[in-house]
Amino acid sequence: MFMRTDSINHWDIVAEKYCAENRQEKNFHSQIYLAAVNELLGSVNGKRILDAGCGDGFFSLELAQKGALVTAIDGSDAMLNIAKRKHAHDNLQYLNMDLTKKLTFEDKFFDIVVANMSLMDIPEIELFIFEVSRVLKKPGIFVFSITHPCFFLSDWEEDENKTKMYKKIENYLDERVEELNFWGKTLHYHRPLSKYMAAIERAKMCVNSFREPVPSKELIDLYPEQEYHYRIPSFLVIRAKSI
Ligand SMILES: C[S@@+](CC[C@H](N)C(=O)[O-])C[C@H]1O[C@@H](n2cnc3c(N)ncnc32)[C@H](O)[C@@H]1O
């Protein structure tokens, strides 16, 4: 049985390694989903933004540099220490906050909430999405990126030339937690797409954009071996509106 705090403890341990590998300009995967996140955010100049599960704050800094007033929260002190050291800005404050608990912001405080690659890392999303709706102005927008819940936990199957071709999907509807080992041990909380949609609906928000982003042609020209991303999407980016 995993405790709530396990999700954060693991991130404390892997923080340095994750952050060293996760620079936007160097990281192939983040370039895929951040292009869609930026498209769905639109202009952020002058907007008050909450970056939830900000990690080392590289995206929070990007938002601040574009003129947003950014509050960036994460449950991992190790991540936040890196963020404060590497990605500081006058328009950006970092706070330790657990996304599975009530947030300490006033109602209708933010224009935008963004959450990159953090919702599948928390054991429960209902309260968080409700809190997002509460702290957003009406109207306000919530943009989040996650690994694609339909496909992420299934391994690629290759053809005789070792080309990644198919994925076999099993137990998609079963919510479960799995250990990953990309940067050291972290926990991945699988839940079907309908669970995300139901939480958004219950929080009285409306999904108004939905993307399954793939790498740009320029990116594939640089990394042709990643062409398999055109076969099955690895990420999902959703924009919901508070009304
Ligand atoms: C995959 S990283 C994403 C970080 C950053 N948004 C990015 O795109 O690089 C997941 C982040 O969620 C944070 N996290 C995990 N569980 C959390 C929780 N319960 N409360 C707050 N943050 C949490 C981790 O510390 C980590 O920084």
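Just so you know, these numbers come straight off a predicted model, no measurement behind them. Note that the numbering runs from 1 along the sequence shown for the chain. As the structure lists them, so they are numbered: ligands from 1, and atoms in each ligand from 1.
Side chains of I49 and F110 form no contact here, defined as non-hydrogen atoms less than 4.5 Å apart. F152 has its side chain out of reach of F235: every pair of non-hydrogen atoms, C-beta onward, lies at least 4.5 Å apart.
Looking at P123 against ligand 1, nothing comes within 4.0 Å, counting heavy atoms. For F58, every heavy-atom contact with ligand 1 shorter than 4.0 Å involves the side chain, none the backbone.
Within the listing of ligand 1, atoms 16 (N), 17 (C), 18 (C), 19 (N) sit less than 4.0 angstrom from a heavy atom of I122. Set against the non-hydrogen atoms of G55, the atoms of ligand 1 under 4.0 Å away are 4 (C), 5 (C), 27 (O). Short contacts between ligand 1 and N116, defined as distances under 4.0 Å to a heavy atom of the residue, involve ligand atoms 3 (C), 5 (C), 6 (N), 8 (O). Listed by number with element, the atoms of ligand 1 under 4.0 Å from a non-hydrogen atom of D98 are 18 (C), 19 (N), 20 (N). Distances below 4.0 Å separate heavy atoms of S76 from the following atoms of ligand 1: 25 (O). The distance from ligand 1 to the heavy atoms of I8 drops below 4.0 Å at these ligand atoms: 16 (N), 17 (C), 18 (C), 19 (N), 20 (N). Annotation for ligand 1: atoms under 4.0 Å from non-hydrogen atoms of M97 are 20 (N), 21 (C).
For the pair M117 and ligand 1, the shortest N or O to N or O distance does not fall below 3.5 Å.
In E106, the CD atom is not crowded: 12 or fewer heavy atoms of neighbouring residues, nucleotides or ligands sit closer than 6.0 Å. Within 6.0 Å of CZ in F130 there are 12 or fewer heavy atoms belonging to other residues, nucleotides or ligands.
K167 has no carboxylate O lying under 4.0 Å from a charged side-chain N of E157, or vice versa, which leaves the two without a salt bridge.
Across the listed options F144, W11, Y33, W11 owns the non-hydrogen atom lying nearest to atom 24 (C) of ligand 1. Taking each of D51, L180, D74, D12 in turn, the one with a heavy atom nearest to atom 11 (C) of ligand 1 proves to be D74.
S145 and V37 make their closest contact through CB-CG2, 4.0 Å (heavy atoms, listed as atom of the first residue, atom of the second, distance).
Among E212, H229, Q226, the single residue meeting the side-chain hydrogen bond (donor to acceptor under 3.5 Å, both in side chains) criterion with S234 is H229. Partner of D111 under the salt bridge (charged side-chain N to carboxylate O under 4.0 Å, His left out) criterion, out of K241, K138, K137: K137 alone.
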